[in-house]
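Down below is the structure, laid out as structure tokens.
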Amino acid sequence: MNNAILPRWIDIFLLPIINLLAALCVAGIIIALIGENPFTALVVMLKGAFVYHGGLGYTLYYTTNFIFTGLAVAVAFHAMLFNIGGEGQAMMGGLGVGLVALAIDPFLPPVLVVLLGICAAAALGGLWGVIPGWLQARRGSHIVITTIMFNFIASSVMVWLLAGMLMNPGQMSPETRSFAEGVGLAQIHVIAGWLGIEISRSPLNLSFPIALIVSVGVWWLIWRTRLGYIIRATGHSEKAAIYAGHDPARIIMIAMAISGALAGLMALNEILGVQGRVILNFTSGYGFTGIAVALMGRNHPVGILFASLLFGALYQGGAELDFEFQSITREMVLMIQGLIILFSGALAYMFNPAVERIYLRLTKQGQADG
Amino acid sequence: MADLWLQFVLTIDATIRVATPLMLCAMAGLFSERSGIIDISLEGKMLLAAFAAASVAALTGSPWLALAGGILISLLFSLVHGFACITHKGNQVISGLAINILASGLTVTIGIAIFAQGGQTPFLSSDQRFSSITLPFAQAAGSIPIIGTIYKEILSGHNLLVWLAFVAVGLTSLIVFRTSFGLRLRAVGEKPEAVDSAGISVVAMRYQAVMIAGILCGIAGAYLSVAHGAGFVREMTAGKGYIALAAMIFGNWRPLPAMMACLMFGFLDALAARLQGVSLPMIGEVPTDLILVLPYVLTVVLLAGFIGKSTPPLAIGTPYIKER
Amino acid sequence: MVSDTQHKTGGNSALPPVLRLSSINKRFGAVHANKDVSLEVSAGTVHGIVGENGAGKSTLVSILYAFYTADSGQIYISGQQQQFKSSADAIRAGIGMVHQHFMLVPNFTVLENIVLGHESSGNLASSKIKAAGELATLAKKYGLEVDLDAVVQDLPVGLQQRVEILKALYRGAQILILDEPTGVLTPQETEQLFEILKALRAQGVTILLITHKLKEIMAITDAVSVMRGGEMVAHLATQDTSPRQLAELMVGRPVLLDVGYSPPTPTDICLKADNISLTQSGTTKLDGLSFSLRSGEILGIAGVSGNGQSELLEILSGIRPPSSGTLSINGHEIGADNPAGPSEIKALGVAHVPEDRHAMGLVLPFSAAESAVLGYEDDARLGSAAYFAPEALHSHCAQLMAEFDVRPASPELKSNLFSGGNQQKLVLAREISSAPKILLVGQPTRGVDIGAIEFIHKQLLSLRDKGCAIILVSVELDEILSLSDRVMVMNAGQNMGIIDRADATIQTVGLMMAGVVDSDVEARR
């Protein structure tokens, strides 16, 4: 409502940057309090994320995860659904890949296994999204609570299966056997090698271009298709959707299925791109980070790409911090992430009045001069 | 038979220990949500409090100071939640989520900075913790069948904070339903504009509710690290805050039913621990993972309206905006 | 009693006014809601404030009740300047308010609602006992009997309003503000309310009545102030003014009271409702409604809000199916067993201007271009199967805006940035452009300025003359009476009778709205 006064560029670019800086300032103060120099830390992070050998590859590899989970949160958000179940949906996506690969990789060519695995990841992730969607749409269960519960349920299912019937025989760790040779998404440095270009080793793989294509697809879906129009209309006003002849329950389920499927696709990067088998906790909280990414990116694919890159750099830079500093571990990244969610999400409009005042003063001055 | 009875009694005893932080957190959630503020940050505040309490205990040796430290830090973060959700009308779920993630990161980061033990705090000796209280004649009473066993194993031997949790439930029930403050609290969660037009500040009411929630989460956290446990371990809350939230929903935002839900979830936890690796006739090895997941499944089933009907406060989750 | 009141009014004129507002200013962003507003109210009178929607009446009384704080200006009570920081201060100064939307906690009892914020101690039970005693005295004094242990959400609106009045009096209100109190009442309930207000006045309570209904001003007030565009434009003694003068002051120019009605030329029956009923979670919303509609006529549906009109519109437009009964639209049978959704109904040539423009008619955060295709997004002209063309939306909207004079004519502007009248014109444009055979219209002029009202009424009449059948639902009785060829009156979900325009006087329709059926109307049912 206040935003009517401010031009779009302030709303879309300046305010998110101010929020980000506020979060980083607080993080810097905490780093200083534990006795390290925040500026040195920042430089180390930036170098680790972009400059050092393979750093950029790692950054983009993390970015891939966040694009998927961020898009997942965003699609649900356009239907005004808060899907915080990305974590569980991604786990189920991984399970989907695993089940398909383990079942058919001895019989079918790897390419086919990978394609079916991708479909299975989307399908199982989508299923894990559509159930809370159904509960919300048809039974009125609050989707925030049910998706939280579904994260825990997914986690239990994974433990139960990976430590049980899917566990690699003869091994003690809760993981499946490795997929057959060739079942996976090629890593970029390998592909570059085929083309005669030498780049540093990193886990960056074909999931990254897939993520970019999926981003374009999501943009098209939301802003250039009738379904996207209806999803957004339902999100803003269920009554309007009913009036226009659509069943909001159906739209909610469709949106949650798409959202869950996008989160499920995160498994491509981890399971098909890197691990080549299903391991426990491969999601490592990326599903939750997706919420921060969507918030920062204002639920727009372009914004999500930038926010994903930021978090990718944060994760890779954080790993570098872990090496360089005695008293800093990767949990520092978690802390910064929490601060970013706080400032760009919950406190998103804290700086609005101040920015508005400054903007009005500046424009008034401009008018007076002119 | 006698052995089975003893097993049962010991499981009940364990149930109470497990349910204590759940009850405290469920009451915390109840105060917050009755005032209209969703609180999924029970988990994070409890974790921060557990860390703060263990740190203070390790540094000062006093469990009482530890409790105060735990309460203080949890209170501080409940104020952050209030600042975001009440003052700045931010999204309550996002704020809660931010606190939870922040808590995971902060506890380990600061833990390493202070103690350099990989995020843990030093092991606490028994005089740095809340010790268990043996009720009079417990040892002697133990020989009396049934009642004696119950007295010795279930009632005796708990620390102060366990009793405090039960007192908290009683007090919550009293405050929410029998006092003027409780009337205003419930009103502000149902229809804040009615409270505002009665000349009471919605903001002040909600801040009070959120702060009470902070205090209760603080006690729960201190219980984990300086009463039940002997120090802080990273992620030691392990989803208990969410279970408490589920229990509160299960109890339909009412203190006594929420307590019963906490005890039920606690029982499932204690049962799973007791049945770990046990092979039962007919069933075979008990899938304890699946017992542990029951609270979540049951909550979903409840929310789906298959058992009973859940009626949250009407104004929950919506910031109060007066100016148009 | 009457002479006593008059004596009081006269006697007080020498004293300072019980309430004086001086140069009140309030802005909401770019909107200047109150501009230098001043007002004086004498003790023991009923003082009316009239104005159109958005004239700033509600803002003014909200400032008086300290719900909002004024940007500048002073408030004096009995000559004393007041510094209100919150409603608590206003209550302490003896101001009570009955809001347009009741400020009652629906699942609390009457007693709990009255006690809320005014408890005598921390102990709830003893506070309630003490209050119950005082309330018994108050109720007797003013004739405001209510069951204190009833849960508010179970009470009819008339009684809920009584609870609000009792609540204010319990807090010691000497100045009682009522904001649009009759919007949800039947004419008879309105009469009862006025009796209560007269009793209060007789006891020395000062009443500030906010309304946009001139009849009420004439019926009960002693003095009246008129607001327009955020400014106070006139203060008058009620006996010295007339509804026409007040209307002109409200609008700022002579009002066209004639919409240019001409007799209809109805043709075939295009819609027939047979014994339509609707039951929702145990309560009967619609009870055996039967009526028919012919092409080229306007059937007005009158009734106090909440008597089933909204549900009827929802059934006719396919938003929900009836529980029993059948509907025949252009020869197609629709019933509980063979329901038709909004899209299917639309395909039968039915268009619908919904009652709730903000939640249903438009999607407020959408651009006007996007809102202008709501419900018609399947139109093949708007792109291909996988492409919803923004340029097609834009040009479609620009065309509608030109035809219906929607201002500003900017298709990319967000829907919520248009005024109520322009939003309604956009909705009307969208629905009429589908060339409907039947048009359902709900509350077409709610929250719409007078200029747009005239435009909308003319559009409806000209559409009728082109052969379209129109069902017009409105709680504004004047609107129904000036546009309809026939009037159906609804009460408690029942059809109280359908009368011709010539027989539809305010008295007859008002009685029917209250559930009383005239014997000769009964005969024609």
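Hydrogens, waters and symmetry mates are skipped; everything else that's a heavy atom, side chains included, is used. Order of the sequence lines sets the chain letters (A, B, ...), proteins ahead of strands, with each chain counted from 1.
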Highest number of heavy-atom pairs under 4.5 Å with chain A: which of C/Ser371, C/Ala389, C/Ser317, C/Pro354?
-> C/Pro354
Region of C/Leu382 in contact with chain A, defined by heavy-atom distances below 4.5 Å | both
Heavy-atom distances under 4.5 Å only: say whether C/Lys346 touches chain A with side chain, backbone, both or neither.
-> side chain
Top of C/Gly341, C/Gly375, C/Ser343, C/Pro365 for chain A proximity - count of heavy-atom pairs under 4.5 angstrom | C/Pro365
Residues A/Asn83 and A/Gln89: side-chain donor-acceptor under 3.5 angstrom | yes
Tightest non-hydrogen contact, residues C/Glu431 and C/Pro436, listed as O-CD, 3.6 Å
Side chain from CB out, backbone as N, CA, C, O: work out which of these in C/Ala385 comes under 4.5 Å of a heavy atom of chain A, or both, or neither.
-> backbone
At a heavy-atom separation under 4.5 Å, does C/Phe366 approach chain A through its side chain, its backbone, both, or neither?
-> side chain
Between the side chains of C/His394 and C/Gln399, is a donor N or O closer than 3.5 angstrom to an acceptor N or O?
-> no
Chain A contact via C/Asn416 - which portion, at a heavy-atom distance below 4.5 Å | neither
Under a 4.5 Å heavy-atom cut-off, does chain A meet the side chain of C/Arg430, its backbone, both or neither?
-> side chain
Within-4.5 Å side-chain heavy-atom neighbours: C/Lys285 and C/Thr283 | yes
Salt bridge present between C/Glu311 and C/Arg320 (N-O < 4.0 angstrom) | no
Check the side chains of C/Ser310 and C/Glu355 for a donor-acceptor pair under 3.5 angstrom, ignoring hydrogens and angles.
-> yes
